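The structure presented is a predicted model; accordingly, all values stated were derived computationally and were not measured.
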There are 2 protein chains.
Amino acid sequence: MGVAAKDPESYLPLTESVFHILLALTDKERHGYGIMQEVKRRTKGKVKLGPGTLYGSIKRLLEGKWIEESTERPDPAINDERRRYYRLSELGKRIAAAEARRIVDLVHQAREKKLLPDEAVGKLV
Amino acid sequence: MGVAAKDPESYLPLTESVFHILLALTDKERHGYGIMQEVKRRTKGKVKLGPGTLYGSIKRLLEGKWIEESTERPDPAINDERRRYYRLSELGKRIAAAEARRIVDLVHQAREKKLLPDEAVGKLV
DNA sequence: ACTACTATATCGTCCGTCGATATATCGTAG
DNA sequence: CTACGATATATCGACGGACGATATAGTAGT
């Protein structure tokens, strides 16, 4: 068993961009440009990561070991040598989950303040 | 009536600090120090606003007319002249509501990515 | 009077965002 | 086969917000 893991909550809150990048990597490995497209698609164009934000964030995520570069080519049919693929590390998964729990708490607090109509909450059922 | 209101979504995402300040002012008028205490209490000590963040944010919120200073003393029994009370403007209310909707969307996305266990979502029922 | 708490305010540093810019490859229509 | 738009990665600098440190002073209780 490894060293005592640092509490993932100590890394919160995440920035908008970083959380969307982690979300994009939650279900599968992706390369930078693919992350950009997935975020744009998933948020219906509301969130657009520019290259500065995207690659700057990836650099920091690698340094902090929230993500790892994958050496395998997920799809051998596509052989674009430029692509660099990334996956979530165990730490990254724990931080993403902690952030998800944090925003659920936020929704509860907003509801207690009557900031959300009941229908909006009902959709979460 | 009135001029065409700017879409409140254009101000999103809010920073952690700003959203907590708006949440604190949603149910009643408060003074700066009171906002600090309410946020600390509501988040069970997880979010602590330092003076730099608090008063810097208040200044910007006033400039952007998200909040207004109130001249009335909410509790005449307490007469601390130092206190400056604030309330949400109509714009502030609309922005806070838009941000609340945004984070509900985020919870949905996190759930689709299986980042949240079903129980965590069930609590929102 | 002393002390802890209340209350507001500013300053400088640090860090992330984001558009601009650069470079190069891929796929395809002409 | 070549020109073009999309794909793909990367760096830079300006800007703005977060936050701890610091300052100042009034309030309340002992």
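If you take OH of B:Tyr33 and P of D:dT27, they are 15 Å apart, rounded to a whole angstrom. Following rounding to the nearest Å, A:Ile35 (CD1) and D:dA10 (P) show an atom-to-atom distance of 11 Å. Between the CD atom of B:Glu16 and the C1' atom of D:dA18 there is a distance of 11 Å, rounded to whole Å. Note: CZ (B:Arg84) to P (D:dT24) measures 19 Å, nearest angstrom. Between the CE atom of B:Met36 and the P atom of C:dA7 there is a distance of 9 Å, given to the nearest Å. C:dC15 atom P lies 17 Å from atom CG of A:Leu14, rounded to whole Å.
In this structure, CG on A:Leu23 lies 4.5 Å from CZ on A:Arg42, to the nearest 0.5 angstrom.
Remark: A:Ser70 pairs with A:Glu29 by the side chain to side chain donor-acceptor pair (under 3.5 Å) rule, at least two apart or across chains. By the side chain to side chain donor-acceptor pair (under 3.5 Å) test, B:Glu112 pairs with no residue at all, sequence neighbours left out.
For the segment residues 38-63 of chain B, the set of residues with a heavy atom within less than 4.0 Å of an atom of DNA chain D comprises B:Pro51, B:Gly52, B:Thr53, B:Ser57, B:Arg60, in numerical order. At a non-hydrogen distance threshold of 4.0 Å, A:His31, A:Gly32 from residues 17-32 of chain A come into contact with DNA chain D.
At least one side-chain nitrogen or oxygen of A:Gln37 sits closer than 4.0 Å to the OP1 or OP2 atom of D:dT7. In this model, the phosphate group of C:dA7 is approached by a side-chain N or O of B:Arg83 to a distance below 4.0 Å at OP1 or OP2.
The base of D:dT27 lies outside donor-acceptor range of the side chain of B:Arg82, with no N or O pair under 3.5 Å.
Residue pairs meeting the ring pair (Phe, Tyr, Trp, His ring centres under 6.0 Å) criterion with at least one partner in residues 15-37 of chain B, sequence neighbours excluded, are B:His31-B:Tyr85.
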What side-chain donor-acceptor pairs closer than 3.5 Å can you find for residues 44-58 of chain A, not counting sequence neighbours?
from, atom 1, to, atom 2, distance (Å)
A:Ser57, OG, A:Thr53, O, 2.6

